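Structure, as structure tokens:
Please read these numbers as outputs of a predicted model, since none were measured by experiment.
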Amino acid sequence: MQFKYEYILVRYGELTTKGKNRRDFTSKLSRNIRNALKEFTALEYKITYDRLYIILNGEDQDAIVPILSQIYGLASFSLAAKVDSNIDAIVETAFNMVKHEDASKTFKVLTRRRYKPFAHRSDEINRLVATKILQETELKVDVRNYDIGIIVEVEEQQSYIMAQVYPGAGGYPTGISGKAHLLLSGGIDSPVAAALMQKRGLFVEAVHFASPPYTSPESLSKVMRLADKLTVNQKHLRVFIVPFTKLQLAIYDNVDESYAITIMRRMMFRISEALAIRQKSLALVSGESLGQVASQTVENISVINDVVKMPVFRPLIGSDKLEIIDHSKRLDTYDISIEPYDDACTIFTPKNPVTKPKLDMCETYEAKFDWQTLVDECIENVEIKTLRFNEKLDEQEDIF
Ligand code: ATP
Ligand code: MG
């Protein structure tokens, strides 16, 4: 029988600040954890200066561990038992925790006496715990390469005993750094870009450009499923679905084919910035990576960037495709991203997209049609879907 723990002890992540910032960090982190674990209704939480304790009250520890390891702002966490600070209770509980472990495993006991007047010194506690385990199980001690690190933390009234440290996702709690609008396609890159910014504390809202009937309902469902993978760190994630067909067709009627992608991306940025301003976001996020495709040359990025004032974060700008793919597998978005449904970009792909566009040429092409009215129409007719972690996605049929 597996040992049933009573607590999870959470160690905070990259925390260099003090005072109010520290309180903001810990309260945001605990809110994000509560949100991700909201289905486990019996859990209780206790925040202290350097730790957060989750009291399990019988909830399923094995279901909680994989969710907790995705939460940004956590350095690490451990399942813990809490006992009275008395040496017999400590020894007995540590023994019960490991007695069913495979006999071939090795262990080490690491005691930290946070309450110095405790009657036994740390090395004495280590020895007493180890002796009991060595006498009553087949487990062996190995102080260098141990399989099980038994951690005993002695406080004045109670002590915590843990048998494993799980690594946390690191970073800052999502939402602590404000909010940005993410340009979310159905590709591999943009979900990864989103995750990297969430990890730096940014709350994201997603903007997706859809061009029905040239883009299919399956392609939209793919984008929604990608967005859903980004919900674990946010209370909710809104997807702004922009009906882009009319504007896209107008671009192809008025702009030389070689410039069509560049102009299209200028329109995407204009619309995204307008939506961001309305929702009080201060930045845009995109999945561009330098040189990856023709529209991601420095020249293209420069003329595309020219249409917006707010900062555009491109966290993948210096990443290799293979690194991005690795990350997308860890995020569990890769298999969705590689489904073969075209998004707005790929369907209209010209044969020879310009790699060194000129700003005045962009402006000349744009002067040929009333794009502003079409941009305004896109903004007026945007459809908003709100996603929440572990809640079923709505039926998507009625979007257009
Ligand atoms: P991705 O894998 O993220 O689709 P990509 O390598 O296919 O990127 P592009 O198609 O040039 O490259 O897109 C670059 C970035 O522009 C994307 O990462 C995304 O941020 C944004 N983008 C592209 N198409 C769309 C779309 N239909 N809706 C929203 N954003 C888009
Ligand atoms: Mg793409």
Side-chain angles (χ1 to χ4, degrees), residues 180-191 193-194 197 204-212 214-215 219-220 222-223 226-227 238-255 257-279 281 283-289 292-297 299-317 342-350 353-354 357 359 362-363 365-366 369-384 400:
H181 270 51
L182 158 78
L183 283 82
L184 179 65
S185 70
I188 294 170
D189 304 330
S190 38
M197 296 317 301
V204 302
E205 310 233 43
V207 184
H208 176 69
F209 296 87
S211 299
Y214 304 98
T215 55
S219 137
L220 191 56
K222 179 183 171 183
V223 172
L226 287 173
R238 293 194 296 178
V239 186
F240 294 75
I241 302 155
V242 180
F244 202 46
T245 318
K246 249 171 105 178
L247 178 52
Q248 202 161 17
L249 291 172
I251 295 170
Y252 282 82
D253 281 346
N254 293 287
V255 177
E257 200 186 295
S258 63
Y259 267 72
I261 291 265
T262 306
I263 302 296
M264 185 185 82
R265 300 189 55 73
R266 281 163 61 93
M267 299 301 169
M268 286 183 172
F269 271 59
R270 288 184 171 111
I271 294 166
S272 300
E273 185 182 56
L275 292 170
I277 290 169
R278 285 188 174 197
Q279 307 297 332
S281 272
L284 299 178
V285 176
S286 110
E288 290 156 303
S289 169
Q292 198 191 77
V293 290
S295 61
Q296 294 174 22
T297 57
E299 291 83 354
N300 255 309
I301 290 177
S302 161
V303 299
I304 292 163
N305 212 84
D306 192 68
V307 300
V308 293
K309 276 218 185 79
M310 56 175 59
V312 181
F313 298 141
R314 298 177 175 85
L316 303 179
I317 199 71
D342 284 338
D343 63 30
C345 249
T346 47
I347 212 121
F348 291 97
T349 307
V354 62
L359 186 56
C362 294
E363 287 165 351
Y365 285 127
E366 287 177 355
F369 69 112
D370 181 13
W371 55 265
Q372 186 65 58
T373 302
L374 294 167
V375 161
D376 292 345
E377 244 180 70
C378 284
I379 296 166
E380 284 320 308
N381 295 319
V382 77
E383 189 95 24
I384 307 175
F400 290 111

Next item on the list: Kindly compute the distance separating CE (Met268) from OG (Ser286), expressed to the nearest 0.5 Å.
Entry: 10.5 Å
Next item on the list: Please report the shortest heavy-atom distance between Cys378 and Leu247, naming the atom on each side.
Entry: SG-CD2, 4.1 Å
Next item on the list: Please list, chain by chain and in numerical order, all residues satisfying side-chain hydrogen bond (donor to acceptor under 3.5 Å, both in side chains) with Thr373, sequence neighbours excluded.
Entry: Asp370
Note to self: Please check: side-chain N/O of Ser258 versus main-chain N/O of Val354, any donor-acceptor pairing under 3.5 Å?
What the structure shows: no
Check: Phe269 and Val308: which non-hydrogen atoms are nearest, and at how many Å?
Finding: O-CG1, 3.4 Å
Notebook entry, point to check: Are side-chain heavy atoms of Pro243 and Glu383 found at a separation under 4.5 Å?
Noted result: no
Item checked: Backbone N/O of Ile301 and side chain of Asn305: donor-acceptor pair under 3.5 Å -> no
Next item on the list: Hey, could you give me the OG/CD1 distance between Ser272 and Ile379, rounded to the nearest 0.5 Å?
Entry: 9.0 Å
Item checked: Which atom of Gly287 lies closest to which atom of Asp189, heavy atoms considered -> O-CB, 3.4 Å
Check: Under a 4.5 Å cut-off applied to non-hydrogen side-chain atoms, are Val242 and Leu275 in contact?
Finding: yes
Next item on the list: Determine, step by step, whether Thr262 and Asn300 satisfy the side-chain hydrogen bond (donor to acceptor under 3.5 Å, both in side chains) criterion, reporting the C-alpha distance in whole Å, the side-chain angles of both residues, the deciding distance to 0.1 Å, and the verdict.
Entry: CA-CA 7 Å; Thr262 306; Asn300 255 309; 2.7 Å; yes
Item checked: Residue pair Ala180 / Val285: nearest heavy atoms and the distance that separates them -> CB-CG2, 3.9 Å
Next item on the list: Any chance you could measure Phe244, atom CZ, to Ile251, atom CD1, to the nearest 0.5 Å?
Entry: 5.0 Å
Check: Are any of the side-chain heavy atoms of His181 and Glu273 separated by less than 4.5 Å?
Finding: no
Next item on the list: Would you indicate whether the side-chain heavy atoms of Val255 and Met264 approach each other to under 4.5 Å?
Entry: no
Notebook entry, point to check: Regarding Arg266 and the six-membered ring of Trp371, is the cationic atom NZ or CZ under 6.0 Å from the ring centre and inside 45° of its axis?
Noted result: no
Notebook entry, point to check: Hey, what do you get for NZ (Lys246) to CD (Glu377), rounding to the nearest 0.5 Å?
Noted result: 3.5 Å
Next item on the list: If a pair satisfies salt bridge (charged side-chain N to carboxylate O under 4.0 Å, His left out) and one of its residues is in residues 302-314, list it, with sequence neighbours excluded.
Entry: Glu288-Arg314
Note to self: Using a 3.5 Å distance criterion without hydrogens, assess whether the side chain of Thr215 forms a donor-acceptor pair with backbone atoms of Ala210.
What the structure shows: no
Next item on the list: May I ask you to test the Phe209-Gln248 pair for a side-chain heavy-atom distance under 4.5 Å?
Entry: no
Checklist line | Pro191 to Gly187 - nearest heavy-atom pair and separation | finding: CD-O, 3.4 Å
Notebook entry, point to check: If you measure from CE on Met267 to CD on Gln372, what distance do you get to the nearest 0.5 Å?
Noted result: 9.0 Å
Notebook entry, point to check: Can you tell me how far CD1 of Ile241 sits from CG of Asn381, rounded to the nearest 0.5 angstrom?
Noted result: 13.0 Å
Checklist line | Sequence-distant partners of Glu380, side chain to side chain contact (heavy atoms under 4.5 Å, CB included), two or more places apart | finding: Arg278
Checklist line | Ile304 versus Ser295, closest heavy-atom pair with distance | finding: CD1-O, 4.1 Å
